[in-house]
Amino acid sequence: MPSPDTNDRKTEQVLSWFILFCLLAIGGGVFLKQFSFNPAVLMARQLAAAPAAPSRSAIDSAWLPPELQAFGAPEQFTPENLYDKIDGKAELYVSTGVARMDCRRFALKNASNDWFEWFAYGMNGVPQAFSVFSTQRRAEGETLDLTPYAYRTQNAIFFVAGTNYIEAVGSSTSEPLRTAMLSMAKRFVAATSVRSVEQMPEMIILPTDCRVAGSVELQASDAFGFDRFKNVFTAQYNPDGTELMAFVTACATPEAATALRDAYRAFLVENGGKEAGTAIGELGRPVELMGSLELVFSRGRYVAGIHAAPTSSAAEKIGNDLLQRLTAANK
């Protein structure tokens, strides 16, 4: 008859073999699992291994017309070194919100002296792209039916394509080069599907009657010298043979809009403005400053007004239209 000690040793041996078996099974499972990937992991690996998508801002066969060829190496710049390429203008793009800039030269295949440089500014949003477009817009520009915001001069094309602001500047004014530049721009727009540029609410609020064509701008910061005015949409008007500017900007809340309105009004007075004794209807009392009138009011989360109106009648005409649109936007 086996002793109790003998039985205990057998039990320990059985448990040891059982534990060892379990460890081997777990180890084997872990080993086999290394060759059985989650589909999501596989996809991630495939994406990581795939070559980076070609830059839509530089050369791409999708939008390079057959009459053009690359005339130089592609270049890419970031906000940190943009001044290396466009020293003197970089601050505007950086302060507005540029994420990157790609550029490259292209030339006609049958006339290498006719070339242009393609600058593609990748902005942080559609408003930022529109902002640089509007503030850089040249008065002599001819509107192009390319995107909602596009024009050209004798040797250049400028347009907004989604979040991209594009400049193509030619070495000459030859018609073949101008045609090739426009062809590339059309291909770029078609390839990037940017025709559905969103309609920003502020653009709808600004009155259309008496508006000077192509005068809408987006001032990203310090509009009218007021450091709290950011992302202010403006447009020029010429009611009754006079000239003035209307503006509108959006705030996060109605309370913020009211505070911004009051702050701007105080800013005007602190800088030499004088409040008129009589209000212009619902537009409130204008501030007389440097021989012109300033109006500022708010509805909901929007602040709007009239800048540099020569007469109260002109300010009232555009101001009332602006106020009605502002009220409608808040319904």
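These numbers come from the heavy atoms of this one structure, side chains and all, not from hydrogens, waters or symmetry mates.
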Colleague: Would a hydrophobic clustering, with Ile, Leu, Val, Met, Phe, Trp and Tyr connected at side-chain separations under 4.5 Å, put L283 with L260?
Modeller: no
Colleague: Tell me the closest heavy-atom pair linking S298 and L326, and the distance in Å.
Modeller: C-CD2, 4.4 Å
Colleague: Evaluate side-chain contact (heavy atoms from CB on, under 4.5 Å) for N164 paired with F188, printing each intermediate quantity in order.
Modeller: CA-CA 11 Å; N164 295 290; F188 180 86; 4.1 Å; yes
Colleague: Evaluate ring pair (Phe, Tyr, Trp, His ring centres under 6.0 Å) for F229 paired with F267, printing each intermediate quantity in order.
Modeller: CA-CA 11 Å; F229 260 167; F267 168 79; 8.4 Å; no
Colleague: R138 pairs by side-chain contact (heavy atoms from CB on, under 4.5 Å) with which of E140, E142, Q136?
Modeller: E140
Colleague: Honestly, is R137 close enough over Y151, meaning NZ or CZ under 6.0 Å from the six-membered ring centre and within 45° of the axis?
Modeller: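 Pair R137/Y151 counts as cation-pi.
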Colleague: With a 3.5 Å distance limit and no angle check, can you tell me whether T173 reaches the backbone of Q154 through a side-chain donor-acceptor pair?
Modeller: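 Not at all, since once roles are kept as given, no pair shorter than 3.5 Å links the two residues.
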Colleague: Quick check: closest heavy atoms across F71 and S112, and the distance to 0.1 Å?
Modeller: CZ-O, 3.8 Å
Colleague: Start with the C-alpha gap between N113 and S172, add the side-chain angles, then the distance that decides, and say whether side-chain contact (heavy atoms from CB on, under 4.5 Å) holds.
Modeller: CA-CA 8 Å; N113 287 333; S172 75; over 6 Å; no
Colleague: In this structure, would V248 and Y149 fall into the same cluster of hydrophobic residues linked by side-chain contacts under 4.5 Å?
Modeller: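 V248 clusters together with Y149.
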Colleague: With the side chain counted from C-beta on, respond yes when F159 and V189 share a heavy-atom pair under 4.5 Å apart, and no when they do not.
Modeller: yes
Colleague: Is the closest side-chain heavy-atom distance between T163 and Q128 below 4.5 Å?
Modeller: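 Of all side-chain heavy-atom pairs linking Q128 with T163, none is under 4.5 Å.
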Colleague: Quick check for you: to the nearest 0.5 Å, what is the distance between Y237 atom OH and S215 atom OG?
Modeller: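 Y237 OH to S215 OG: 7.0 Å, rounded to 0.5 Å.
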Colleague: Using 0.5 Å steps for rounding, measure from the CZ atom of R228 to the SG atom of C251.
Modeller: 8.5 Å
Colleague: One thing to verify: whether K109 and E67 come together as a salt bridge, which I'm taking to mean a side-chain N less than 4.0 angstrom from a carboxylate O.
Modeller: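 No, E67 and K109 are not salt-bridged.
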Colleague: Taking all non-hydrogen atoms of both residues, which atom of P310 and which atom of T242 are closest, and how far apart?
Modeller: CG-CB, 3.5 Å
Colleague: Donor-acceptor check, side chain of D114 to backbone of L108, threshold 3.5 angstrom: yes or no?
Modeller: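 It does not hold such a pair.
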Colleague: Could you measure the distance from the CZ atom of R105 to the CH2 atom of W115? Nearest 0.5 Å is fine.
Modeller: 3.5 Å
Colleague: Any heavy-atom pair between the side chains of P74 and D102 that's under 4.5 Å?
Modeller: no
Colleague: Mind checking whether L206 and F233 have side chains closer than 4.5 Å, heavy atoms only?
Modeller: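 L206 vs F233: side chains touch.
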Colleague: If we only count heavy atoms from C-beta on, is the V287 to E275 side-chain gap below 4.5 Å?
Modeller: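 Touching, per the 4.5 Å side-chain cut-off.
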Colleague: Do W118 and L144 land in one hydrophobic cluster if side-chain heavy atoms of ILVMFWY residues count as linked below 4.5 Å?
Modeller: yes
Colleague: I'd like to know if V216 and V160 are part of one continuous hydrophobic network [Ile/Leu/Val/Met/Phe/Trp/Tyr, side-chain heavy atoms within less than 4.5 Å].
Modeller: yes
Colleague: Looking just at side-chain N and O atoms, do N231 and T249 make a donor-acceptor pair shorter than 3.5 Å?
Modeller: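 Their side chains do not contain a donor-acceptor pair, so the 3.5 Å distance test is not met.
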Colleague: Are the side chain of S134 and the backbone of L218 linked by a donor-acceptor contact shorter than 3.5 Å?
Modeller: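 Such a contact is found between S134 side chain and L218 backbone.
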Colleague: How close do F297 and G319 get, heavy atom to heavy atom, and via which atoms?
Modeller: CZ-O, 4.0 Å
Colleague: Can Q219 and F247 be said to form a side-chain contact (heavy atoms from CB on, under 4.5 Å), step by step?
Modeller: CA-CA 10 Å; Q219 300 187 35; F247 65 89; over 6 Å; no
Colleague: In terms of the angle between their ring planes, are Y121 and F119 parallel, tilted or perpendicular, with boundaries placed at 30° and 60°?
Modeller: parallel
Colleague: Just verifying a value: how many Å separate F116 CZ and M184 CE, rounded to the nearest 0.5 Å?
Modeller: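 Spacing of CZ (F116) from CE (M184) equals 5.0 Å.
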Colleague: Would you say the side-chain atoms of D262 pair up with the backbone N or O of A259, donor to acceptor, closer than 3.5 Å?
Modeller: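 No; judged by distance alone, with no hydrogens or angles, the pair does not exist.
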Colleague: Determine, stepwise, if the pair K317 / D321 fulfils salt bridge (charged side-chain N to carboxylate O under 4.0 Å, His left out).
Modeller: CA-CA 7 Å; K317 183 173 185 177; D321 193 356; over 6 Å; no
Colleague: Is there a side-chain contact between F226 and L268, using heavy atoms and a 4.5 Å cut-off?
Modeller: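 A side-chain contact under 4.5 Å is absent here.
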Colleague: Given side-chain contact (heavy atoms from CB on, under 4.5 Å), test R265 with R285 step by step and report yes or no.
Modeller: CA-CA 10 Å; R265 191 176 182 85; R285 291 186 298 166; 3.4 Å; yes
Colleague: Please find the pair of heavy atoms, one from P66 and one from R187, that lie closest to each other, and give the distance.
Modeller: CD-NH2, 3.6 Å
Colleague: Could you tell me whether a side-chain N or O of T179 sits under 3.5 Å from a main-chain N or O of E175, the two making a donor and an acceptor?
Modeller: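 Between the backbone of E175 and the side chain of T179 there is a qualifying donor-acceptor contact (under 3.5 Å).
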Colleague: Ignoring hydrogens and geometry, is there a side-chain-to-backbone donor-acceptor pair from R325 to I204 under 3.5 Å?
Modeller: yes
Colleague: Identify the residue among R100, K85, R104 that makes a salt bridge (Lys or Arg N to Asp or Glu O under 4.0 Å) with E75.
Modeller: K85
Colleague: Is the shortest heavy-atom distance from the side chain of I306 to the side chain of P286 under 4.5 Å?
Modeller: no
Colleague: Is F224 close to T234 at the side-chain level, that is, under 4.5 Å between some pair of heavy atoms?
Modeller: yes
Colleague: Does V232 belong to the same Ile/Leu/Val/Met/Phe/Trp/Tyr cluster as I318, with side-chain heavy atoms less than 4.5 Å apart forming each link?
Modeller: no
Colleague: Once rounded to the nearest 0.5 Å, what's the spacing between atom CD of E294 and atom CD of E288?
Modeller: 11.0 Å
Colleague: Which pair of non-hydrogen atoms, one from L244 and one from P239, has the smallest distance, and what is that distance?
Modeller: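 Distance-wise, the nearest heavy atoms are CD2-CG, 4.0 Å.
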Colleague: Tell me whether S131 contacts the main-chain N or O of P127 through its side chain, where contact means a donor paired with an acceptor under 3.5 Å.
Modeller: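 Side chain of S131 to backbone of P127, a donor-acceptor pair under 3.5 Å: no, none is there.
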Colleague: If I take atom CG from residue L68 and atom CG from residue N110, how far apart are they, to the nearest 0.5 angstrom?
Modeller: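 L68 CG to N110 CG: 10.0 Å, rounded to 0.5 Å.
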